[in-house]
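Every chain is numbered from 1 and lettered A, B, ... according to where its sequence line falls, protein lines coming before strand lines.
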Number of protein chains: 2
Amino acid sequence: MKNRIECNVCTNENCFIKQGCFGEWLNKISSQKNQLWYKKGSYIFREGEPIYGIYFIQHGGIKVVTTSLHGREQIVRLAKEGQILGHRGLRKTYYYFNSVAIMDSLVCFVENELFYEACMNCPEFAINLIFFYASELRRAELRVKYQAQMNIREKVAMAFIYIYEAFGMNPETKMLNISLTRQDIADIAGTTAEQVTRQLSNFESEKLIARNKREIIFLNIKELENIIGDYKIE
Amino acid sequence: MKNRIECNVCTNENCFIKQGCFGEWLNKISSQKNQLWYKKGSYIFREGEPIYGIYFIQHGGIKVVTTSLHGREQIVRLAKEGQILGHRGLRKTYYYFNSVAIMDSLVCFVENELFYEACMNCPEFAINLIFFYASELRRAELRVKYQAQMNIREKVAMAFIYIYEAFGMNPETKMLNISLTRQDIADIAGTTAEQVTRQLSNFESEKLIARNKREIIFLNIKELENIIGDYKIE
DNA sequence: TCCTAAACCTGCATTTTCGCATGTTTATTA
DNA sequence: TAATAAACATGCGAAAATGCAGGTTTAGGA
């Protein structure tokens, strides 16, 4: 457990709440927020649970995942520090998705009422939130297209680019800053763990990646991007 | 061509702009908006074109469609009167999607500057816009899951439910209020026109639908919904 | 260090989806 | 009304994706 971090001393300058929410309102949120610590693998919220407010990730990593259909799951989003969480549920009563920590994570929780007031009273924050949603919507709808039209090779390449963009890699070792199982990658790509392994073998023999134990090393990101062609997200 | 319709006399009470934008600001928008008439099949905007503002559908129907990948397209959204159009592009410079009239349509256009000002000055409108985005994002991300996990039968059933919810049907004839080609339906379902035809044959022999010429008659919507199980959007 | 469970890899048979080809029906226009 | 083009239906072989089985590697705890 760590000590409580107030917004005005938080070093997370890119935190979403700070994009347009200042002074009095930031202080209000800071003093009224809850701060919660989640161990890797534990749920922040589950589908069907009541929605009381919204989360901001102070530290760590989180996956938003749908419940299964035909025995499969789908990872809808990866989020890291500074990012907002639970924003799909605004004005709704119950969550539609599950949210699971993929690293030990510290999360700030703000109640609905206070959050709505902040939106109404900080127009700059509201408009930034609108821009953020527009961007997320664009990405999600592109992903609909990708899921509908890409073949497995492209989907798996896309999953790696997505993970790379969400969490980045260590510039020295060229390893991803996050450790995901083949199943997690499959749940992002929209396929099965076996297919991920097969594509990894292909990519390895093409010298696009290398494998060290279970870690993946990126040898040629440009070429991985070429696999998905013009079809990059954003 | 029809005459210009001002917002205060427009009978479209469910128009998005009227959800939180009143008095002075509604008048401002009404007097500064452009009104444009599009014939069925013509483009409202195309991918790559510069974004100057946002649209509201006064009358008609529109499909938002992505450019092709492997020779396929994907219909991302169907929209009818009262709905907003072009909102994915907020703060961006160029459109990411194409927008095509699927009936003769009358559309109101509001410039970016004015729209942003309205958002900043009508907090109720801004928050309704936020709620709308949250809802659209939820839908889009569910569709990612559906595209990834459903089989063809489920996808085609889902496409019909989607069209039905977007445009409704004539309660007498049980025909959809919109005429779409097999290819359009395939572009919603995320498959090919041949597969749509095959599923239609199946649904027909199961007495879920009937076919009269090229029109589709809904005999049993409940059962169509059952095909997609708990997995209804919204 | 050893042991055990979980994760991973790969071959192969099965299932699903695709896409062409061909013939038919429907809508449109002269 | 006839001619023509577009849209639709359907069989079938090809291609892609899936899922199981069996063996291997790795991580983590005793």
Side-chain angles (χ1 to χ4, degrees), chain A residues 39-41 68-74 102-104 146-160 175-176 178-206 209-217 227, chain B residues 39-41 68-74 102-104 146-160 163 175-176 178-206 208-217 227:
Chain A
K39 290 209 72 167
K40 179 175 175 173
S68 81
L69 170 51
H70 299 315
R72 275 206 207 156
E73 295 191 330
Q74 181 69 33
I102 49 177
M103 330 171 170
D104 292 353
Y146 298 145
Q147 285 300 325
Q149 303 181 350
M150 281 183 166
N151 59 35
I152 294 295
R153 178 179 164 85
E154 293 166 330
K155 283 186 182 178
V156 174
M158 176 64 96
F160 281 117
M175 286 177 185
L176 287 169
I178 179 82
S179 168
L180 296 170
T181 64
R182 299 290 179 267
Q183 188 61 56
D184 276 332
I185 299 167
D187 291 347
I188 295 168
T191 183
T192 60
E194 291 97 324
Q195 296 285 34
V196 171
T197 298
R198 283 179 194 118
Q199 294 308 318
L200 278 175
S201 299
N202 292 346
F203 293 160
E204 193 171 31
S205 65
E206 295 171 45
I209 62 151
R211 288 184 282 191
N212 179 6
K213 304 284 170 69
R214 285 175 178 171
E215 294 294 331
I216 292 158
I217 296 156
I227 289 175
Chain B
K39 289 210 73 167
K40 178 175 176 174
S68 81
L69 169 52
H70 298 315
R72 275 206 209 156
E73 295 192 330
Q74 180 70 30
I102 50 177
M103 326 172 173
D104 293 352
Y146 298 146
Q147 284 301 325
Q149 302 181 351
M150 282 182 164
N151 60 34
I152 293 296
R153 179 178 165 85
E154 292 166 331
K155 283 186 182 180
V156 174
M158 176 63 97
F160 280 117
I163 298 165
M175 286 176 184
L176 287 170
I178 178 83
S179 167
L180 295 171
T181 65
R182 300 287 179 269
Q183 188 60 57
D184 275 332
I185 298 166
D187 291 346
I188 294 168
T191 182
T192 60
E194 291 97 324
Q195 297 286 34
V196 171
T197 298
R198 282 177 195 120
Q199 294 308 318
L200 278 175
S201 299
N202 293 345
F203 292 159
E204 193 172 31
S205 65
E206 296 171 45
L208 306 184
I209 62 151
R211 287 184 280 192
N212 179 5
K213 304 282 171 69
R214 286 177 177 168
E215 294 295 329
I216 292 158
I217 297 156
I227 289 174

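Among residues two or more places apart in sequence or in another chain, the side chain to side chain contact (heavy atoms under 4.5 Å, CB included) test is passed with A/Thr181 by A/Gln183, A/Asp184. Contacts of B/Glu215 classified as side-chain hydrogen bond (donor to acceptor under 3.5 Å, both in side chains), with partners at least two apart in sequence or in another chain: none. Evaluation of the side-chain hydrogen bond (donor to acceptor under 3.5 Å, both in side chains) rule for A/Arg198 yields A/Gln195 as partners, not counting sequence neighbours.
Between A/Gln74 and A/Ile188, the shortest heavy-atom distance links the atoms NE2-O, 3.3 Å. Closest non-hydrogen pair, B/Arg182 versus B/Leu200, comes out as NE-CD1, 3.3 Å. Closest heavy-atom contact between A/Glu204 and A/Arg211: OE1-NH2, 2.7 Å.
Using modelled atom types, no side-chain atom of A/Thr191 and backbone atom of A/Asp187 make a donor-acceptor pair closer than 3.5 Å. At least one donor-acceptor pair under 3.5 Å links the side chain of A/Glu154 to the backbone N or O of A/Asn151. Between the B/Gln147 side chain and the B/Ala189 main chain, a donor and an acceptor come within less than 3.5 Å of each other. Within the 3.5 Å criterion, the main-chain N or O of A/Ala148 finds a donor-acceptor partner in the side chain of B/Arg72.
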Q: With side-chain contact (heavy atoms from CB on, under 4.5 Å) as the test, would you mind laying out the steps for B/Phe203 and B/Val156 before giving the verdict?
A: CA-CA 10 Å; B/Phe203 292 159; B/Val156 174; 4.0 Å; yes

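Heavy atoms of A/Arg211 sit under 4.0 angstrom from primed sugar atoms or phosphate atoms, though from no base atom. Backbone-only engagement by A/Arg72 is indicated by non-hydrogen atom pairs under 4.0 Å involving sugar-phosphate atoms exclusively. Across all strands, A/Arg214 comes closer than 4.0 Å to base atoms (heavy-atom distances).
Take the nearest nucleotide of DNA chain D for A/Glu215 and for A/Thr191: the residue whose nucleotide is more 5' is A/Thr191. Place A/Asn212 and A/Glu194 on DNA chain D by their nearest nucleotides, and A/Glu194 ends up nearer the 5' end. Mapping B/Arg198 and A/Ser201 onto DNA chain C by nearest heavy atom places A/Ser201 at the nucleotide closer to the 5' end.
Across its full length, the helix from C/dT1-D/dA30 to C/dA30-D/dT1 shows an angle of 50° between the axes of its 5 terminal pairs at either end, rounded to 10 degrees.
When DNA chain D is scanned 5' to 3' for any atom under 4.0 Å from a heavy atom of chain B, the first and last hits are D/dA6 to D/dC12. Reading DNA chain C from its 5' end, the first and the last nucleotide to sit under 4.0 Å from a heavy atom of chain A are C/dA6 to C/dC12.
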